[in-house]
Amino acid sequence: MNQSTMTKEKKVLLGMTVAEMKDMARSLGMPSFTGTQIASWIYEKNARSIDEMTNLSKKNRELLAEHYCIGSMEPIDCQRSIDGTIKYLFPVRTTSNQQQQETEDSRNRLFVETVFIPDGDRATLCVSSQVGCKMNCLFCQTGKQGFEGQLTAGDILNQIYSLPEREQLTNIVFMGQGEPMDNLDNVLRATEILTAEDGYAWSPKRITVSSVGIKDKLKLFLDRSQCHVAISMHSPIHEQRTSLMPAERGMSISDTVELLKQYDFTHQRRCSFEYICFAGLNDSLEHGRKIIKLLEGLECRVNLIRFHPIPNVDLPGADEKRMEQLRDFLTSHGVFTTIRASRGQDIYAACGLLTTAQKAKRN
């Protein structure tokens, strides 16, 4: 077997759970605790090579390196905004089959964008979960790209693992490219590793996962994860939301809210709703009244978002005064509401602007 064939057969460690690493160690004839040591080198110490794993014997390091690689991939491009936001372009390994074994040579020329947002002593990373997106929301540039592939758990974690500012991170939001619930297995695997004591050991309250609302998948996520959840609402009216978000046909916003009411958000876990404001479309006080009625009895907050225009979409963004009126109306009626600061618009890193449709052609 030549060297290139051996390289192609190497499996990727990044994205494996600690339990899987223990099984892997046993399968190679090592003690199971060696799997825990490997996980510590990757998820705690951010090792860049198997040779760095010095509490493994040389024999075991060589055996591990024969069959496995860490699998990290550095960003190949970055853009810096005048407001300090940084957008990174990461190559990814994608899979159309959740059971496909991820290997070192399974990458193709697909990419995702990841956004680092520093804000005083807080630093948030907006990660992607898919290349493109199937949801095709009218106002979102990622949806115009179409769907190109699922990110593996390793792809998702690599956006953190290979981030130059990794040590500064305080929060992670799954609000980049893709619908997280449409890649639920890999998103759950990634959040499990992020929150496991022998993984990254992050508190779930540092992680927010967004969704348009996917029937059955959202419930499964709520049952299996304690991370915060953010729902893309954008209209409380079924017909209007359908025109903006085709996913409303599969799981309506009213059904989504009724599901959320079955869970406890009165303690540390938080539920929020994202609401892009369009002038003359969804920014009226009548919409505010419908939002209040819809969310009655649910502990939550609403984040109003400025619309960032995209090509060939004739939607006007609401002005600041109109957004402030809606914010104050909702808050005065018991729905805590904020206007989210827009970050990175000059580098197309703001909400709804991420796309890698043309990146493969240039790289």
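Predicted, not measured: the structure shown is a model, and the values here were computed from it.
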Can you tell me how far the CG atom of D283 sits from the CD atom of Q325, to the nearest 0.5 Å? 9.0 Å

Give the intermediate values and the outcome of side-chain contact (heavy atoms from CB on, under 4.5 Å) for residues L64 and M30. CA-CA 10 Å; L64 184 64; M30 305 175 190; 4.2 Å; yes

Is there side-chain contact between R241 and H234, with heavy atoms separated by less than 4.5 Å? no

Sequence neighbours excluded, the answer for ring-ring contact (aromatic ring centres under 6.0 Å, His included) partners of Y200 is Y43

Side-chain heavy-atom pair V112, Q159 within 4.5 angstrom cut-off: yes

Does S235 have any side chain to side chain donor-acceptor pair (under 3.5 Å) partners at least two apart in sequence or in another chain, and if so, which? Q240

Pairs involving residues 51-65, ordered by first then second residue, that meet salt bridge (Lys or Arg N to Asp or Glu O under 4.0 Å) (sequence neighbours left out): none

Determine whether L281 and I339 fall in the same hydrophobic cluster, where Ile, Leu, Val, Met, Phe, Trp and Tyr are linked whenever their side-chain heavy atoms lie under 4.5 Å apart. yes

Counting C-beta onward and ignoring hydrogens, is there a side-chain heavy-atom pair between S252 and D255 closer than 4.5 Å? yes

Honestly, is K10 close enough over Y68, meaning NZ or CZ under 6.0 Å from the six-membered ring centre and within 45° of the axis? no

Indicate yes or no: at least one non-hydrogen side-chain atom of L330 is less than 4.5 angstrom from one of R289. no

Rounded to the nearest 0.5 Å, what separation is found between the CG atom of L222 and the CE atom of M181? 7.0 Å

Carboxylate-amine/guanidinium proximity below 4.0 Å for R48 and E74: yes

Rounded to the nearest 0.5 Å, how far apart are CD of E66 and CD1 of I50? 11.0 Å

Tell me, please, which residues at least two apart from R270 pass side-chain contact (heavy atoms from CB on, under 4.5 Å). T208, H228, R301

Does CD in E296 sit with more than 12 non-hydrogen atoms of other residues, nucleotides or ligands closer than 6.0 Å? no

Main-chain N/O of R340 paired with T338 side-chain donor or acceptor, under 3.5 Å: no

Can you tell me how far apart CG (L14) and OG (S72) are? Round to the nearest 0.5 Å. 7.0 Å

Beyond-backbone contact of L218 with V229, side-chain heavy atoms, under 4.5 angstrom: yes

What closest approach, in Å, do S203 and T195 show between heavy atoms, and which atom pair accounts for it? C-CG2, 4.4 Å

Could D223 and K219 be called an ion pair, given the rule that one side-chain N must be under 4.0 Å from one carboxylate O? yes

Set of side-chain contact (heavy atoms from CB on, under 4.5 Å) partners for E44, sequence neighbours left out: S40

Salt bridge check, K217 against E179: does any charged N sit closer than 4.0 Å to a carboxylate O? no

Which residues pass the side chain to side chain donor-acceptor pair (under 3.5 Å) test with R26, sequence neighbours left out? D23

Taking S81's backbone N and O only, do any of them form a donor-acceptor pair with T85's side chain (distance below 3.5 Å, no angle check)? no

May I ask whether I237 and V257 are part of the same hydrophobic cluster, defined by side-chain heavy atoms of I, L, V, M, F, W, Y residues being less than 4.5 angstrom apart, directly or through others? no

Distance-only polar pair, side chains of E274 and N303, donor-acceptor under 3.5 Å: yes

Grab the two heavy atoms, one from I160 and one from V127, that are nearest each other, plus how far apart they are. CG1-CG1, 4.5 Å

Please determine whether ring pair (Phe, Tyr, Trp, His ring centres under 6.0 Å) holds for the pair H308 and F139, giving the CA-CA distance in whole Å, both sets of side-chain angles, and the decisive distance to 0.1 Å. CA-CA 8 Å; H308 304 107; F139 46 82; over 10 Å; no

Does a side chain donor of either Q177 or S129 reach within less than 3.5 Å of an acceptor in the other side chain? no

Check the pair E20, R189 against salt bridge (charged side-chain N to carboxylate O under 4.0 Å, His left out), reporting the backbone distance first and the verdict last. CA-CA 11 Å; E20 289 169 338; R189 176 185 288 263; 2.4 Å; yes

Between CG of L220 and CG of L188, what distance do you get to the nearest 0.5 Å? 6.0 Å

Kindly indicate whether the side chain of F221, heavy atoms from C-beta on, has any atom under 4.5 Å from the side chain of C227. yes

Side-chain donor/acceptor of S128 to backbone N/O of E113, under 3.5 Å: yes

Within the side chain of Q150, is there an N or O that forms a donor-acceptor pair under 3.5 Å with the backbone of D182? yes

Using a 4.5 Å cut-off between side-chain heavy atoms of Ile, Leu, Val, Met, Phe, Trp and Tyr, which other residues end up in the same hydrophobic cluster as V18? none

Within a radius of less than 6.0 Å around CD of E286, do more than 12 heavy atoms belonging to other residues, nucleotides or ligands occur? yes

Point-to-point distance, once rounded to the nearest 0.5 Å, from CZ of R343 to OG1 of T124: 9.0 Å

Connected-component partners of V173 among ILVMFWY, side-chain separation under 4.5 Å: M175

Residue pair K261 / L294: nearest heavy atoms and the distance that separates them: NZ-O, 3.7 Å

More than 12 heavy atoms of other residues, nucleotides or ligands under 6.0 Å from CD of E197: is that the case? no

Sequence neighbours excluded, which residues qualify as side chain to side chain donor-acceptor pair (under 3.5 Å) partners of H238? E248

Pairwise salt bridge (Lys or Arg N to Asp or Glu O under 4.0 Å) hits with a residue in residues 165-174, at least two apart: none

Which atom of R327 lies closest to which atom of T337, heavy atoms considered: CG-O, 3.4 Å

Are F336 and F273 joined in one hydrophobic group, where the rule is that I, L, V, M, F, W and Y side chains link up if heavy atoms are under 4.5 Å apart? no

Check against side-chain contact (heavy atoms from CB on, under 4.5 Å), I76 and F90: CA-CA 6 Å; I76 63 171; F90 281 98; over 6 Å; no

If every non-hydrogen atom of C137 is compared with every non-hydrogen atom of V212, which pair is closest and at what distance? SG-CG1, 4.4 Å

Please check if the number of heavy atoms outside D264 that lie under 6.0 Å from its CG is greater than 12. yes

Minimum heavy-atom separation for Y275 and N282, please, with both atom names. OH-O, 2.7 Å

Partners passing side-chain contact (heavy atoms from CB on, under 4.5 Å) against N136 (at least two apart in sequence or in another chain): K144

Within the distance-only criterion (no hydrogens, no angle test), does the side chain of R206 pair as donor or acceptor with the backbone N or O of L169 below 3.5 angstrom? yes

Among all residues two or more places apart in sequence or in another chain, which pass the side chain to side chain donor-acceptor pair (under 3.5 Å) test with W41? N55

Look at the side chain of N158 and the backbone N and O of Y161, then say whether any donor-acceptor pair between them is shorter than 3.5 Å. no

Checking the side chain of N186 only, and the main-chain atoms of L151 only, is there a donor and an acceptor separated by less than 3.5 Å? yes

Side chain to side chain, I214 and M251, heavy atoms closer than 4.5 Å: no

Quick one: are F111 and D77 in side-chain contact, heavy atoms under 4.5 Å? no

